[in-house]
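To start, the structure under review is shown below, and the notes come after it.
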Amino acid sequence: MVVMDAASLSADEHRALRGLADDLARVFGAGLHLVAAYGLHHPAPPPRRVHAIALVERLAFDDLTRCAPLVTAWRRASLAVPLILERDEFLRTLDVFPLEYGDIIAHHVLIAGDDVLSTARVAPEDVRRACELAAKSHLIHLREGFLEAGGDAQANAQLIAASAAPFRALLGSIVRLAAGPDADVAQTAEQQIGIPAAVVRDVLSTGSGPSSSIAEPSALLGRYVDAAERLWTFVDTWQARA
């Protein structure tokens with residue numbers, strides 16, 4: 001379990017999140033269990049919008065109606081619209097969204113309330129199943145995108161850059177289960193999956209810059225598709241080897 005330090009937030013971001021927590025406390029009162037920031041470990045071009053999750057006792061449409069007028073101020077403070085869920089709803093759907101919720105659980109900053117996330121657990125078998133679906137979908141997306149590009153290098157560059165964040169998230173989920181939350185993604189991908197670390201780093205670096213800066217995008221895409229094939233094969237046989 002990795003709970004990120006509040007130092008990963010700037011003073012302005014922390015102040016904005018405290019304001020968000022105060023707003024939600026006025027809406028939900030004692031029914032507000034937790035407010036936490038998440039997604040801070042994912043690189044994003046500036047200006048970044050900070051994501052937050054709020055777990056509440058009960059979420060009714062009237063509550064959403066009271067929150068709606070606050071959205072403009074949240075956005076003005078560089079916050080994304082928060083993910084608001086009932087606490088039991090979150091805990092009961094860990095098996096439905098194991099990758100998404102697992103990432104929140106593994107990397108979050110508590111802003112207000114009791115840290116329910118620190119005791120939540122995603123079952124390894126649910127992660128494996130979700131990883132297999134995500135890996136195969138990612139591979140199909142890359143193959144189809146390459147064909148749709150029709151050999152255009154700039155279109156291939158845009159495909160690589162647009163898919164870098166999902167690729168990072170998928171690798172992160174697999175690495176957390178296979179080697180622990182502190183493992184280096186590229187190094188673990190090479191050691192345990194057989195994907196060259198250089199390919200992983202080259203693809204992930206495209207997500208933080210303009211696609212036009214990618215040198216020889218078609219050649220990189222070829223290596224990327226091969227890496228995606230290896231990734232799916234690894235996850236597909238994971239159950240038998242686990």
Using a 4.5 Å cut-off on heavy atoms from C-beta on, say whether the side chain of [Y] contacts that of [X].
| X | Y | value |
| --- | --- | --- |
| L34 | D115 | yes |
| L117 | I53 | yes |
| L20 | L70 | no |
| V225 | F146 | no |
| I105 | L94 | yes |
| L24 | C67 | yes |
| R87 | V56 | no |
| I195 | F234 | no |

Is the backbone N or O of [Y] less than 3.5 Å from a side-chain atom of [X], with the two atoms forming a donor-acceptor pair by type?
| X | Y | answer |
| --- | --- | --- |
| R66 | V27 | yes |
| T188 | V185 | no |
| H14 | S10 | no |
| Q158 | A155 | no |
| R75 | V81 | no |
| E190 | A197 | yes |
| R223 | V199 | no |
| D152 | Q154 | yes |
| E86 | L59 | yes |
| T93 | V96 | no |

Identified side-chain contact (heavy atoms from CB on, under 4.5 Å) partner of V109 from the options V50, V35, L40:
L40
Are H51 and Y38 an aromatic pair, judged by ring center distance below 6.0 Å?
yes
Aromatic centroids of H138 and F167 separated by under 6.0 Å
yes
Residue set satisfying ring-ring contact (aromatic ring centres under 6.0 Å, His included) with F28, at least two apart, ordered chain then number -> none
